[in-house]
2 protein chains.
Amino acid sequence: MARNEHRSGSTLPVTPPTLADVAERAGVSRQTVSNAVNNPDLLRPDTLERVRQTIAELGYSPNRAARNLRTRTSSLIGLRFAPAQEGTANAAMDRFVHSLVEASEEVGYHVLLFPGDDEDPVGGYDNLLRSTAVDAFVVTDTYLGNPQAAWLTQQRAPFVAFGRPWEDDVARHVWVDVDGAAGIALATQHLIDRGHTRIAWIGWRKDSPIGEDRRSGWVRTMHQNGLSTTGLASRVEDVVHSGAEAAAVLLDESAPTAFVCASDTLAMGVLHTLWIRQLAPGRDIAVVGFDDSQVAQVYPVGLTSVRQPLEDVAVEIIRTIRALLTHQPVETRGVLLEPTLAIRESS
Amino acid sequence: MARNEHRSGSTLPVTPPTLADVAERAGVSRQTVSNAVNNPDLLRPDTLERVRQTIAELGYSPNRAARNLRTRTSSLIGLRFAPAQEGTANAAMDRFVHSLVEASEEVGYHVLLFPGDDEDPVGGYDNLLRSTAVDAFVVTDTYLGNPQAAWLTQQRAPFVAFGRPWEDDVARHVWVDVDGAAGIALATQHLIDRGHTRIAWIGWRKDSPIGEDRRSGWVRTMHQNGLSTTGLASRVEDVVHSGAEAAAVLLDESAPTAFVCASDTLAMGVLHTLWIRQLAPGRDIAVVGFDDSQVAQVYPVGLTSVRQPLEDVAVEIIRTIRALLTHQPVETRGVLLEPTLAIRESS
DNA sequence: CACCTCGATTGGATCGATCTAGGTCGATCG
DNA sequence: CGATCGACCTAGATCGATCCAATCGAGGTG
């Protein structure tokens, strides 16, 4: 059993030390070493210390594959990673993924990325699930008609969704989401506090539940403050020039003094129209976007934007996944977190 | 051995089928099933067909952990994932990670993310390496004084760097990089072709080898075209307002008609100054950035920008990693890829 | 017909950590 | 003083796929 007898202290041995190596060297059994790693409370302090010392000396770290095989877990969380769409400002994924990686590390998980395929949306999930390569999934794209959540539920695969199952009443999975309506309400109130009364909305098409939810935050806040929303709303595609056109029309027809947008992309369109018309963002016309993208941060006139608490979302997701995996009762089916407002020169 | 005899056809069985299950059901031995999966050539066509049929019927997929344990591989590639810095336009990581995930999938690898820690830069690498959790690493931050590449080399850990070992003559690891100087040369020549002769450079501080490399592309192209660079260069921090200030000073002192920048962040600063001075980007003054970030794409006046071929970088990195892992001789120590120019209204 | 070859197939051993059942030892108690 | 207890530790079995050496069987050869 005495493998790895001679090894250089500075380079990685050809084969890393095993639990048996540590046991032999420390003069204890394998199980004792295992306990030292996983259940230190079971060992007598002096034995624990001796084993730990040996572990440190040998630079031992449990072999992942062996542990995974025995325990039927992988400590990996699968995430389908789709790139940010070109031509839009949405870089939220980047920040979210990082938060997720951080939150995972804290509790001993790692994040495994796999590519998406629009033609076969569950293919990637299926492979990883059947080969028991991951313990759970984080699903980020729970938009209308997305079959993944339903499919995973049916497979009894543990997963948590970032995003509510909007339209789907039968969906019984666990989710974490950000209250977009509250974010827009925050933005709208902010503008009202600054003295604006004619605040326009530029959002997405009506078939987007997320867009309609965000819009409701604007409507609600306006009405709560006794302000009219008539003729002040526009619903367009999420591209820059659509936002620019909508802003131009609204300025001509309704003379708003402020714009609240469903995305930073649309807000960029508004800024473009203001620029063409020689109107100064923040001084002449206020603009607020959504997502606090890099564009909002880097744009010469800093764009005020609703910022999703992605760090908290990630922590909450990981917390929930742990609960699912340890078969603790999951107290709530959904968690809704409050966004904040990143205030900059544009408002 | 006949586990999983009765199972619902629609939901995942409590324990997935094993190779032994398939073997028994197909009336062959385990080894034969293994061969059907890994070395189909060894089987007689009719046997192969029968085994494949059974695999499909049972929905069998080899257990990753068991395979990993036996073969001492994981099919995982580790990538330290640091988030884009707030306040800069650099979203290249997002695109690169996606490309890497795609390229990995093609050859049966997956990407594992782990967090970075500036205080202990090799900690994450060390853990994954010692627990044999990944087969290789992709290292993206090979800047001056970064100990990771040297450390990994010393540990004999397989890895490929995205980025040249600039200053380090002794570094003998394998790398893939984008020729920034060629990209800037492309941008500069593009401006010269448009009739510009007074083209200014705004780059990073002198201690950045990447910045100096990019700058050399500007110098080279200017001189090749018989143009002077005197008084047309500025070196500043990579933040928007530094770019804006540098542009203002250069406009006052040297009256350039075009700017080439080491980053989109700096280019945004230039655009800011142009906006303040009521100068139209593209018509009055041309501007070119670097990285083709979302900002460049979304900015109302589309920003012409050097675009790194990150898809190709990823493919090349994966190709090299495969070569390293299969102990094929790696023919070249470094690969330099050519960027392209995304031309928009700003030039 | 015995012998040989070579492709196809088999069963046992193995990777390294963990689970399980059982064993050791000193302290406590009737 | 021997039985009992509990804290601590040990050894064998196990997870599932692959490696390895050995075997089987069909076809060819002298």
Side-chain angles (χ1 to χ4, degrees), chain A residues 1-4 13-52 54-55 58-75 108 130-133 135, chain B residues 1-4 13-52 54-55 58-75 108 130-133 135:
Chain A
M1 267 299 163
R3 303 148 60 260
N4 300 328
V14 182
T15 69
T18 70
L19 182 138
D21 293 336
V22 176
E24 194 196 21
R25 176 143 173 181
V28 296
S29 72
R30 288 168 300 138
Q31 185 60 46
T32 301
V33 178
S34 179
N35 284 337
V37 174
N38 300 310
N39 299 85
D41 297 345
L42 296 178
L43 297 202
R44 218 166 34 202
D46 60 327
T47 311
L48 179 60
E49 180 50 36
R50 187 157 42 98
V51 175
R52 283 206 166 136
T54 311
I55 287 176
L58 294 181
Y60 166 75
S61 194
N63 181 302
R64 267 312 216 283
R67 170 178 282 178
N68 293 350
L69 175 59
R70 193 62 183 90
T71 61
R72 299 164 166 283
T73 62
S74 65
S75 299
R130 286 220 316 272
S131 56
T132 57
D135 289 346
Chain B
M1 264 302 162
R3 302 150 59 262
N4 300 329
V14 182
T15 69
T18 70
L19 183 137
D21 294 336
V22 176
E24 194 196 20
R25 175 143 174 178
V28 296
S29 73
R30 289 167 301 141
Q31 183 63 46
T32 302
V33 179
S34 180
N35 284 338
V37 174
N38 301 311
N39 299 85
D41 297 344
L42 296 180
L43 296 202
R44 219 168 31 203
D46 60 328
T47 311
L48 179 59
E49 179 51 36
R50 188 158 40 98
V51 174
R52 282 202 167 140
T54 311
I55 287 176
L58 294 182
Y60 167 76
S61 194
N63 181 302
R64 265 313 215 286
R67 171 179 281 177
N68 293 350
L69 175 59
R70 193 62 183 93
T71 62
R72 297 165 167 285
T73 62
S74 65
S75 299
R130 287 218 316 272
S131 57
T132 57
D135 290 346

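FYI, side chains are in, hydrogens and waters are out, and symmetry mates aren't considered; it's all heavy atoms of this structure.
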Using whole Å, report how far CG of B:L42 lies from C1' of C:dT10.
-> 14 Å
d(CG, B:N35; P, C:dT9) in whole Å | 9 Å
Report the nucleotide, chosen from D:dC9, C:dG16, C:dG11, that has the shortest atom-to-atom distance to any side-chain atom of B:R30.
-> C:dG11
From the list D:dT10, C:dA8, D:dA17, which nucleotide is the closest neighbour of the side chain of B:R44?
-> C:dA8
Along DNA chain C (nearest heavy atom to each residue), the more 5'-positioned of A:R64 and B:G27 | B:G27
Would you say the side chain of A:R67 and the base of C:dT18 hold a donor-acceptor pair, judged only by whether the two atoms sit under 3.5 Å apart?
-> no
From the options C:dC15, D:dT18, D:dC15, select the nucleotide whose nearest atom is closest to the side chain of B:R72.
-> C:dC15
Round to a whole Å and report the spacing from CG of B:N39 to P of C:dG7.
-> 14 Å
5' precedence on DNA chain C between B:A66 and A:Q31 (nearest-nucleotide basis) = B:A66
Looking at residues at least two apart in the chain, or sitting in another chain, which of them share a side chain to side chain contact (heavy atoms under 4.5 Å, CB included) with A:R52?
-> A:P40, A:L48
Short side-chain N/O contact to D:dT10 OP1/OP2 from A:S29, under 4.0 Å | yes
Would you tell me if any nitrogen or oxygen in the side chain of A:T47 comes within less than 4.0 Å of OP1 or OP2 on D:dC8?
-> no
Is B:Y60 near enough to D:dA17 that one of its side-chain N or O atoms lies under 4.0 angstrom from OP1 or OP2?
-> yes
Out of C:dA17, C:dT18, D:dG16, which has the shortest distance to the side chain of B:T18?
-> D:dG16
Base, sugar-phosphate, or nothing: which does B:N38 touch, judged by heavy atoms less than 4.0 Å apart?
-> sugar-phosphate
